[in-house]
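Single-structure report; data block below.
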Amino acid sequence: MAAGDEIRRNMALFPIGIVMKLTDLTARQIRYYEQHELIQPARTAGNQRLFSFNDVERLLEIKALIEKGVNIAGIKQVMNPVGEGASEGTIMNEQSEVRRRELSEKQLHRLLKQELMVDKRMGRVSLIQGELSRFFNNK
DNA sequence: ATTCTTACA
DNA sequence: TGTAAGTA
């Protein structure tokens, strides 16, 4: 893709209200994910958050993982660290980002498989919660 | 009218 | 996570 697209995708455009409608996430959740460094929206002079298309896409990925039962710790392990991929991107960064996505998919599988293995021996903080967690941990 | 932070349920 | 409170 063109270099200009990268700029447009990272351009701070919409306030949290619009992002809420775009992602079906509550303001609470969006701010919470920011606190845990899953996203890094820009700020206006008045301290208002301004999200980019990339931020929205990231939030949708986070939402998908949450719905799969992965918690923040797990998401941090399978998702690219903020600051990488998009914003600080070099010109030849398109492929590396694609590779990261593929790698993340594999990491998610490894994560779930890893959970299956260690579920027998207790004393470990799980990366999955809810129904999924109960299934794996036999609680 | 919206959003922000902090704090408690 | 939800929500109330007091601001900006």
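Per chain, numbering begins at 1; letters A, B, ... match sequence-line order.
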> Rounded to the Å, how far apart are A:Ile66 CD1 and C:dT1 C1'?
Replying inline: 11 Å
> Can you check the A:Arg28 CZ to C:dT1 P distance for me, whole Å?
Replying inline: 9 Å
>> Let's see if you can work this out: which of C:dG2, C:dT1, B:dT3 has an atom nearest to the side-chain heavy atoms of A:Thr26?
In response: C:dG2
> Rounded to whole angstroms, how far apart are CZ on A:Arg43 and P on B:dC4?
Replying inline: 6 Å
> For the pair made of CG in A:Asn47 and C1' in B:dT5, what is the distance, rounded to whole Å?
Replying inline: 9 Å
>> In this structure, how many angstroms lie between the P atom of C:dG2 and the CZ atom of A:Arg31, rounded?
In response: 12 Å
> Taking CE from A:Met20 and C1' from C:dT3, how many angstroms apart are they, rounded to a whole number?
Replying inline: 13 Å
> Atom OG1 of A:Thr23 and atom CD1 of A:Ile16: how far apart are they, to the nearest 0.5 Å?
Replying inline: 9.0 Å
> Once you round it to whole Å, what is the distance between C1' of C:dA8 and CD of A:Gln48?
Replying inline: 8 Å
> Could A:Arg43 and A:Glu34 be called an ion pair, given the rule that one side-chain N must be under 4.0 Å from one carboxylate O?
Replying inline: yes
> Is the shortest side-chain N to carboxylate O distance from A:Asp5 to A:Arg8 below 4.0 Å?
Replying inline: yes
> Can you check the A:Ile30 CD1 to B:dT2 C1' distance for me, whole Å?
Replying inline: 13 Å
> Does B:dA1 have a Watson-Crick or wobble partner in any strand here, with both distances under 3.5 angstrom, and which is it?
Replying inline: none
> Has the side chain of A:Arg49 got a donor or acceptor atom sitting under 3.5 Å from an opposite partner on the base of B:dT3?
Replying inline: no
> Phosphate oxygens OP1/OP2 of C:dT1: is one of them under 4.0 Å from a side-chain N or O of A:Tyr33?
Replying inline: yes
> More than 12 non-hydrogen atoms from neighbouring residues, nucleotides or ligands closer than 6.0 Å to CD on A:Glu57, yes or no?
Replying inline: yes
>> Categorize A:Gly46 for me: base, sugar-phosphate, or nothing, with a 4.0 angstrom heavy-atom threshold over every strand shown.
In response: nothing
